[in-house]
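Since the model is a prediction, treat every value here as computed from it, not as a measurement. Sequential numbering from 1 along the given sequence is applied to the chain's residues. Side-chain atoms are counted along with the backbone in the values below, which use heavy atoms only and exclude waters and symmetry mates. When a ligand or atom number is given, it counts from 1 through the structure's own listing order.
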Amino acid sequence: MAAEIREGLLAQPRPWLPCKYFYDDRGSALFEQITRLPEYYPTRTEEAILERVAGDVVAATRPVELCELGSGVGRKVRLLLDAGSSLGTLKRCVLLDINATVLAESVRSLEGDYPDLSVRGVVGDFQDDLAALGPGGGRLALFLAGTIGNLHPDREVPGFLRAVARQLRPGDAFLVGLDLVKDEGRLEAAYNDAAGVTAEFNRNILRVVNAALDADFDPDAYDHVAFYDRDRAWIEMRLRARHDQRVRVPGADIELTLRRGQEIRTELSCKYTRPTFEARLARTGLRLESWLSDAESLFALALLRRSA
Ligand code: AVJ
């Protein structure tokens, strides 16, 4: 973590922080709050699609194992588990999440509600720790919530998809949640909620850095910034210094000076269309089998299949 934060904070022309560091216990709770905000349509839209298609997805894939990357509170996987239990093929469920507290609670509650299912939790990062999943076979992997949007579409997505494909056998499936390109006002509102929860979530990353690396960021000295970059088709979140400040990060062995107005990038959230996502699948060993969306095309689930 020290090396990553050091690289990010020293980057030119603009410092950045890896968005996985949002999710300590406080940040995970703030994200749960975001999912219930009126402006934040992705979670409820994805859940509605999943409710509608879960039966078809398990019928088409006949999974022995569900494997969710970045599972969070593990609510959505239940829709597939319920659909899978009537099919009778499902034996195992693996959850991978960066937050050990949230993960332990999700594993505990799934074990309580699905006594015949073998549930395993892996604390880790979906970019670095996929090998911990072991080889596939009868696997349906899930990457929901539009979290793939946090990966850089050119620099990170192709490698990530190839890495997932390596943990799948031919015929295994991968269900990916994608937030879609849409009206700019709707997109920007989802990341600039009136209640200010997203702003607090954004500033929380500085508290995480303070706690982990003994840094002295003053979270209240930064404004939340989130805007849609139409050319890149992504939402960018930043923290903008309200005044000149010096920050010490002893754990990463750095001291930096931020000028008033200077910004730290904290997140990308890329928005896709069917063609822009399909283009990312080239040479990954994954092909698009179905595209499942809502009536307004706000969000989509892409069902991918590992090719032979
Ligand atoms: C959980 C990564 C999908 O990018 O929309 C919510 C995180 N950031 N509000 C997203 C988030 C700001 C979210 N993902």
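Closest to atom 3 (C) of ligand 1, if we only count protein heavy atoms, is Ala145 O, 3.0 Å. Atom 2 (C) of ligand 1 has as its closest protein heavy atom Asn150 OD1, 2.7 Å.
Between Glu200 and Arg203 there is a salt bridge, since a side-chain N of the basic residue sits under 4.0 Å from a carboxylate O of the acidic one.
For the pair Ser269/Tyr191, a side-chain contact is recorded, criterion being any heavy-atom separation below 4.5 Å from C-beta on. Proximity of Phe126 to Leu151: side-chain heavy atoms (C-beta onward) are separated by under 4.5 Å at one or more points.
Considering all non-hydrogen atoms of both residues, Ala195 and Leu37 come closest at CB-CD2, 4.5 Å.
Note: no N/O pair closer than 3.5 Å links Thr147 and ligand 1 by distance alone. For ligand 1, the polar-atom distance check finds no N/O of Lys271 at less than 3.5 Å from any of the ligand's N/O atoms. Of the N or O atoms in Glu267, one or more lie within a sub-3.5 Å distance of an N or O in ligand 1. Taking distance alone, with nitrogen or oxygen atoms compared against 3.5 Å, Thr198 stays at or beyond that limit from ligand 1.
Counting only N and O atoms by type, the side chains of Thr45 and Asp294 include no donor and acceptor under 3.5 Å apart. Defined by atom type and a distance below 3.5 Å, a donor-acceptor pair is missing between the side-chain atoms of Glu296 and Tyr41.
Under the 4.0 angstrom criterion for non-hydrogen atoms, Trp234 is not in contact with ligand 1.
Nearest-residue assignment for atom 10 (C) of ligand 1 (options Tyr40, Phe31, Phe201; heavy-atom criterion): Tyr40.
Each of the following atoms of ligand 1 lies closer than 4.0 Å to a heavy atom of Gly146: 3 (C). Within ligand 1, counting atoms from 1 as listed, the ones closer than 4.0 Å to a heavy atom of Ser269 are 4 (O), 5 (O), 10 (C).
Remark: of the listed residues Asp179, Asp229, Thr276, Asp179 is the sole one forming a side-chain hydrogen bond (donor to acceptor under 3.5 Å, both in side chains) with Lys271.
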